[in-house]
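Before any comments, here is the structure.
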Amino acid sequence: MASRTSPDNNSRQARIAEMRRAEQSRDRRNKALAITASVAVVAALVGFGAWVMIDKKEKKDAAAAAAKAPVNGEQTWDAKTLGRNHVETPVKYPMNPPVGGDHSPRWMNCNGDVYKNAIPEVNAVHSLEHGAVWVTYNEKAAKGDVDALAGKVAKTPYTLMSPDKEQAGTIMLSAWGKQLTVDKADDPRVAQFFTKYVQGPQTPEPGAACTNGLAEK
């Protein structure tokens with residue numbers, strides 16, 4: 001005797017089949033969404049990585065260009081005419097602040113050191129010999145500019161900073177054989193001078209210590 005399928009049973013099976021089709025459709029849709037999201041994340045990461053690499057290269061190229069370009073308004077002395085003897089006697093320098101010449105056997109600490117008082121020139125010159133940039137300022141300098149420069153020096157190895165009431169310029173930056181005068185800390189030449197001359201090609205003794213020297217008392 002042939003089996004009969006009731007209408008209710010057929011309807012139930014149809015509903016089950018429809019639910020399975022709907023579930024399979026959701027699974028396919030979810031997989032597609034997951035794949036799309038994954039592709040988007042990967043693309044974003046690749047794009048960000050490429051942007052970071054391009055940004056780093058642009059900054060590197062900009063720093064290299066700044067290191068090669070002349071600093072507008074800087075003064076230069078022939079390094080061959082600047083003495084480099086170690087002496088224990090006072091030295092009379094032809095420029096203020098000095099940018100080279102005979103100097104003390106002890107250097108001023110120049111590992112981002114900010115001095116509140118004037119420092120001995122004979123020791124600071126030795127720091128320049130090691131490739132440091134020396135930032136000095138007189139009483140015309142605004143407190144905001146002094147603070148900004150102090151912050152820049154404090155985070156830059158091979159630099160030092162101190163007041164100099166006798167100097168002619170408001171703010172002066174000195175390296176071995178090089179000097180720049182500016183009126184404000186935000187003058188773009190300040191950053192250029194740092195880039196070019198902190199351990200720059202003018203350095204007689206590149207890599208020499210800027211620590212374990214003379215510190216402010």
Side-chain angles (χ1 to χ4, degrees), residues 5 7-74 109-115 127 130-135 137 141-161 171 173 175 178 180 182-203 205-212:
T5 304
D8 289 343
N9 188 48
N10 288 338
S11 178
R12 185 166 62 86
Q13 290 180 349
R15 288 197 302 273
I16 291 173
E18 179 62 27
M19 291 172 64
R20 287 177 178 173
R21 285 194 295 272
E23 184 177 358
Q24 290 172 348
S25 178
R26 283 196 301 272
D27 288 344
R28 288 193 296 270
R29 187 166 58 252
N30 290 339
K31 287 180 181 178
L33 290 173
I35 291 172
T36 301
S38 297
V39 170
V41 169
V42 170
L45 290 173
V46 170
F48 179 74
W51 177 83
V52 169
M53 292 179 64
I54 292 171
D55 185 57
K56 285 184 177 179
K57 186 177 186 304
E58 289 179 347
K59 288 180 178 178
K60 184 177 180 181
D61 291 345
K68 291 180 180 179
V71 180
N72 186 37
E74 75 175 13
N109 284 337
C110 45
N111 192 35
D113 291 86
V114 178
Y115 298 101
S127 299
H130 289 189
V133 165
W134 180 19
V135 179
Y137 59 95
K143 184 180 184 303
D145 289 320
V146 173
D147 291 344
L149 289 167
K152 183 175 181 61
V153 167
K155 62 183 180 182
T156 309
Y158 284 95
T159 64
L160 67 164
M161 178 174 171
I171 298 167
L173 286 71
K178 307 289 183 178
L180 174 70
V182 298
D183 294 323
K184 305 290 291 181
D186 60 359
D187 189 310
R189 293 175 297 168
V190 172
Q192 185 185 4
F193 196 91
F194 271 58
T195 298
K196 192 176 181 69
Y197 295 125
V198 171
Q199 284 287 283
Q202 84 293 340
T203 305
E205 296 180 4
C210 248
T211 57
N212 298 319

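Residue numbers run from 1 in the order of the sequence given. Just so it is clear, the structure is predicted and the values come from calculations on it, not from any experiment.
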Quiz item: What's the verdict on side-chain contact (heavy atoms from CB on, under 4.5 Å) for Val135 and Lys152, showing C-alpha distance, side-chain angles and the deciding distance?
Solution: CA-CA 10 Å; Val135 179; Lys152 183 175 181 61; over 6 Å; no
Quiz item: Can any side-chain N or O of Lys196 pair as donor or acceptor with the backbone N or O of Ala69 at less than 3.5 Å?
Solution: yes
Quiz item: Who pairs with Ala150 by side-chain contact (heavy atoms from CB on, under 4.5 Å), at least two apart in sequence or on another chain?
Solution: Val114, Met161
Quiz prompt | Phe193: partners by ring pair (Phe, Tyr, Trp, His ring centres under 6.0 Å), with sequence neighbours left out | solution = Tyr197
Quiz item: Residues in side-chain contact (heavy atoms from CB on, under 4.5 Å) with Pro206, at least two apart?
Solution: Gln199, Thr203
Quiz item: For Lys155 and Pro157, which heavy atoms make the closest approach, and how far apart are they?
Solution: O-CD, 3.7 Å
Self-check item: Shortest non-hydrogen contact from Thr159 toward Thr156
Solution: OG1-O, 2.6 Å
Quiz item: Quick one: side-chain hydrogen bond (donor to acceptor under 3.5 Å, both in side chains) partners of Asp147, sequence neighbours excluded?
Solution: Lys143
Quiz item: Which atom pair, heavy atoms only, marks the closest approach of Ala185 to Leu149?
Solution: CB-CG, 3.7 Å
Quiz item: Which heavy atom in Leu160 sits nearest to a heavy atom in Cys110, and how many Å separate them?
Solution: CD2-CB, 3.9 Å
Quiz prompt | Residue list, side-chain contact (heavy atoms from CB on, under 4.5 Å) with Asn109, at least two apart or on another chain | solution = Trp107, Asp113, Tyr115, Ala215
Quiz item: What residues, two or more places apart in sequence or in another chain, satisfy side-chain hydrogen bond (donor to acceptor under 3.5 Å, both in side chains) together with Asp187?
Solution: Arg189
Quiz prompt | For the student: nearest non-hydrogen atoms of Cys210 and Tyr158, plus distance | solution = SG-CD2, 3.4 Å
Quiz prompt | Pairing residues for Asp145 by the salt bridge (Lys or Arg N to Asp or Glu O under 4.0 Å) criterion, not counting sequence neighbours | solution = Lys184
Quiz item: How many angstroms lie between atom OH of Tyr137 and atom CG of Leu173, to the nearest 0.5 angstrom?
Solution: 13.0 Å
